[in-house]
Amino acid sequence: MLKTLKLYDTMDKSLREISAIDKKSVRFYCCGPTVYGPAHIGNFRTFVLQDIFRRTVELSGQKTKHVRNITDVDDKTIRESQASGQSLTDFTKKWAHQFHIDCQKLNLLIPDIEPLATEHIPEQINMIQTLIDKGLAYQSKDGSVYFDVSEFKDYGRLSKINSRELKEGASKGLNDSDEYGKDSLSDFALWKSIKAEDGDNFWESPWGQGRPGWHIECSAMIKKHLGDDFDLHSGGVDLIFPHHENEIAQSCGSSGKPFANHWFHITHLMVDGGKMSKSLGNLYTISDLEGRGYHPMIVKYSLIMGHYKQTLNFTFDSLNAAKIGLDRLAKLKSELIGLAGSMPACDRYKDFVKEGPVNLGFFNKAWCSLLEDLNTAKALGALFSAVKELESGIRGKTLGSKEAGKHLKGLLFISEALGIKIPTIEEQHVQIPNKIKELAKQRWQAKMNKNWKEADRLRKELESSGWQIKDLKDNFEILPL
RNA sequence: GGCACGGUAGCCAAGUGGUAAGGCCGGGCUCUGCAAAAGCUCUAUUCGUCGGUUCAAUUCCGACCCGUGCCUCCA
């Protein structure tokens, strides 16, 4: 019998089991990126956790339906596309493509559906019309449409904010209520009437030309692809208010039915103990870190070193720790393969989904940690306790071939659950130029002749070319520095 | 001001009403022409501060100090 994932629910403030409402598949929605530039590692912390959520659910034996949108129209995409001289479509396509490349580098599973906001304008208009018909929304003089928060009693339930506090908010003067003519400060835009600076970026609607508000995009896409009520909705903590609160108001308001059954929010990433921001120069993208020599898998590893409900402090020290940790896993994997004689028949994500978490051996504790509120930090701790055991078993030659095979499978299972690709030593092997090989051979000769001076000189020369020599018992290895 | 979360070794980070996972760094030792690698091993009497409850608190309660997030379009 398989165990089920228990996950914290922002709405209930408690751990709840994940199970499909329709008994068939866990339908979940992730607020995806707004494509106006490259996503940074903070964004990816969220996407990585959503990916691990899906993997854990699937590996524990449940099917999923994964929808993650792309927001390809909003103030920023319009502004930036104009600045770049490209059409909104060309511009957002470019950045959506970059996003997909980064996702692939991070070994994220591809969602079943990845809807674009601009391809769901009719659905959004329909929902807005329903809200107007139900008396939950109104049109202002300029043709914009607003949600009337005072008409929706449950408003603030997710974010635990009541309407009075909203009005007393400390974000003085930052709203554009004057510009758009809202009745109340807490009302939010469903449809924004066209403004001069929008250029060609507008759609026809019953209320004139304009474009949808941010929140309605998600509500409409969820309704279309997942239905009125579905299993889980997720995103970064900053989306709790107002984005998700507003989605609830729109969706429940228009359908009269429940919305997401479970809310999963991932806490922000910090850099060197502080907030990430462009102005501080501590906002990193996957490409930035690749440029500094950190493989995306190292970045991914460092993003799961803490529990998702906790702010995680990203530092280069932790990146280096991640790199070394990954190397250690790679070495163990190679050694286990060697001992077992072959890779297990079942070694890919799909195989594991079919087979489930059986015979995890030492890795069982790590898997259980994931089932306990996706505790990746604890899982990593348990993973390395297992690594330690196996390393000592390998050294002491107490680990048999059959045992090695079993543990290898456990290791592969847990790395699939985390979505961490462990390269084998062989896979890590890099092309060594012939010139370097020749120099290394010469150094070995010199060493054999006990010509230490010459051997050291050659090693220095190799090092200055970026290669390191590691002497073994009766031969040597060449490694990149 | 309101709401929420957090402060655990040099760094990152789990955890629990009964006396602190794991990783990185660092130290010692073995090995070694040297170096690296590899192996062995050590590293928080203590969990922001001060009180309270308790046989027992880092873990529960209160106060305070510090940090972080959100408070209308930021993952």
Side-chain angles (χ1 to χ4, degrees), chain A residues 10 13 30-34 39-50 71 74-76 149 156 159-162 164-172 174-177 182 185-189 192 213-215 217 234-243 245-246 265-270 273-277 301-302 305-307 309-325 328 331 365-366 369 375-388 391-392 395-396 447 450-453 455-456 459-460 463 468-473 476-477 479:
Chain A
T10 312
K13 302 184 80 172
C30 304
C31 280
T34 302
H40 59 253
I41 54 173
N43 298 316
F44 280 115
R45 182 186 190 192
T46 298
F47 299 126
V48 163
L49 260 299
Q50 289 165 340
T71 297
D74 80 322
D75 290 343
K76 283 188 298 264
V149 167
S159 52
K160 283 47 172 174
I161 289 175
N162 64 48
R164 189 188 302 151
E165 282 159 2
L166 280 179
K167 286 172 195 155
E168 312 287 336
S171 61
K172 31 202 175 268
L174 287 176
N175 62 79
D176 51 5
S177 61
K182 297 194 270 191
L185 214 56
S186 40
D187 291 350
F188 57 90
K192 293 177 158 189
W214 178 35
H215 319 298
E217 297 174 1
S234 79
V237 276
D238 56 315
L239 297 185
I240 296 172
F241 188 88
H243 186 54
E245 198 69 71
N246 291 352
H265 289 106
I266 295 99
T267 303
H268 282 328
L269 184 72
M270 299 203 292
K275 191 179 177 173
M276 269 192 310
S277 76
Y301 184 114
S302 75
M305 296 206 308
H307 184 75
K309 268 169 66 192
Q310 200 77 35
T311 49
L312 176 66
N313 194 16
F314 176 87
T315 63
F316 279 92
D317 279 350
S318 45
L319 252 196
N320 289 324
K323 183 182 189 324
I324 291 164
R328 205 169 144 194
K331 191 173 172 225
K365 196 182 164 200
S369 302
N375 196 335
T376 51
K378 196 176 179 183
L380 248 24
L383 171 60
F384 274 91
S385 297
V387 168
K388 215 195 247 175
E391 284 173 341
S392 96
R395 272 183 260 109
K447 181 183 157 149
K450 297 198 192 277
N451 185 352
W452 311 130
K453 216 171 178 183
D456 287 351
R459 182 166 59 206
K460 235 179 198 149
E463 274 171 5
Q468 186 190 23
I469 301 301
K470 225 170 90 175
D471 288 343
L472 306 173
K473 253 209 177 75
F476 60 94
E477 261 186 302
L479 297 166

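Sequence lines set the chain letters: A, B, ... in the order given, protein chains first and strands last, and positions in each chain run from 1.
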Which residues satisfy the side chain to side chain donor-acceptor pair (under 3.5 Å) test with Asp456(A), sequence neighbours excluded?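 Testing Asp456(A) for side chain to side chain donor-acceptor pair (under 3.5 Å), a comparison that skips the adjacent residues, returns Arg459(A).
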With Ser159(A) via side chain to side chain donor-acceptor pair (under 3.5 Å) - residues at least two apart: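 In terms of side chain to side chain donor-acceptor pair (under 3.5 Å), with neighbours along the sequence ignored, Ser159(A) is linked to Glu245(A).
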G-U wobble or Watson-Crick pairing nucleotide for [N] (cut-off 3.5 Å, both distances):
| N | result |
| --- | --- |
| U45(B) | none |
| U68(B) | A4(B) |
| A14(B) | none |
| A9(B) | none |

Tell me the interatomic distance from [X], atom [atom1], to [N], atom [atom2], rounded to whole angstroms.
| X | N | atom1 | atom2 | value |
| --- | --- | --- | --- | --- |
| Asp74(A) | C73(B) | CG | C1' | 8 Å |
| Asn246(A) | C71(B) | CG | P | 12 Å |
| Lys388(A) | C40(B) | NZ | P | 10 Å |

Check whether the side chain of His307(A) and the base of A14(B) form a donor-acceptor pair under 3.5 Å. no
Can you tell me whether the side chain of Lys76(A) and the base of C74(B) have a donor-acceptor pair closer than 3.5 Å? no
Got a sec, which pairs hit side-chain hydrogen bond (donor to acceptor under 3.5 Å, both in side chains) with one end in residues 377-388 of chain A, sequence neighbours left out? Glu372(A)-Lys378(A)
Under 4.0 Å between any heavy atoms, over every strand shown, what does [X] touch: base, sugar-phosphate, or nothing? Just pick one.
| X | value |
| --- | --- |
| Gln310(A) | sugar-phosphate |
| His243(A) | nothing |
| Gly381(A) | base |

Checking Phe188(A) now: which residues fulfil ring pair (Phe, Tyr, Trp, His ring centres under 6.0 Å) with it, not counting sequence neighbours? Phe147(A), His215(A)
Is Lys309(A) atom NZ crowded by more than 12 heavy atoms from other residues, nucleotides or ligands, each under 6.0 Å away? yes
Taking only residues two or more places apart in sequence, or in another chain, which ones meet Arg395(A) in a salt bridge (charged side-chain N to carboxylate O under 4.0 Å, His left out)? none
Any [X] side-chain N or O less than 4.0 Å from OP1/OP2 of [N]:
| X | N | value |
| --- | --- | --- |
| Lys378(A) | A13(B) | no |
| Asn313(A) | C12(B) | yes |
| Lys365(A) | A21(B) | no |

With the sugar-phosphate defined as primed atoms, P, OP1 and OP2, and the base as all remaining atoms, what B/S/- string results for nucleotides 27-38 of chain B, 5' to 3', for protein heavy atoms under 4.0 Å? ------BBBBSS
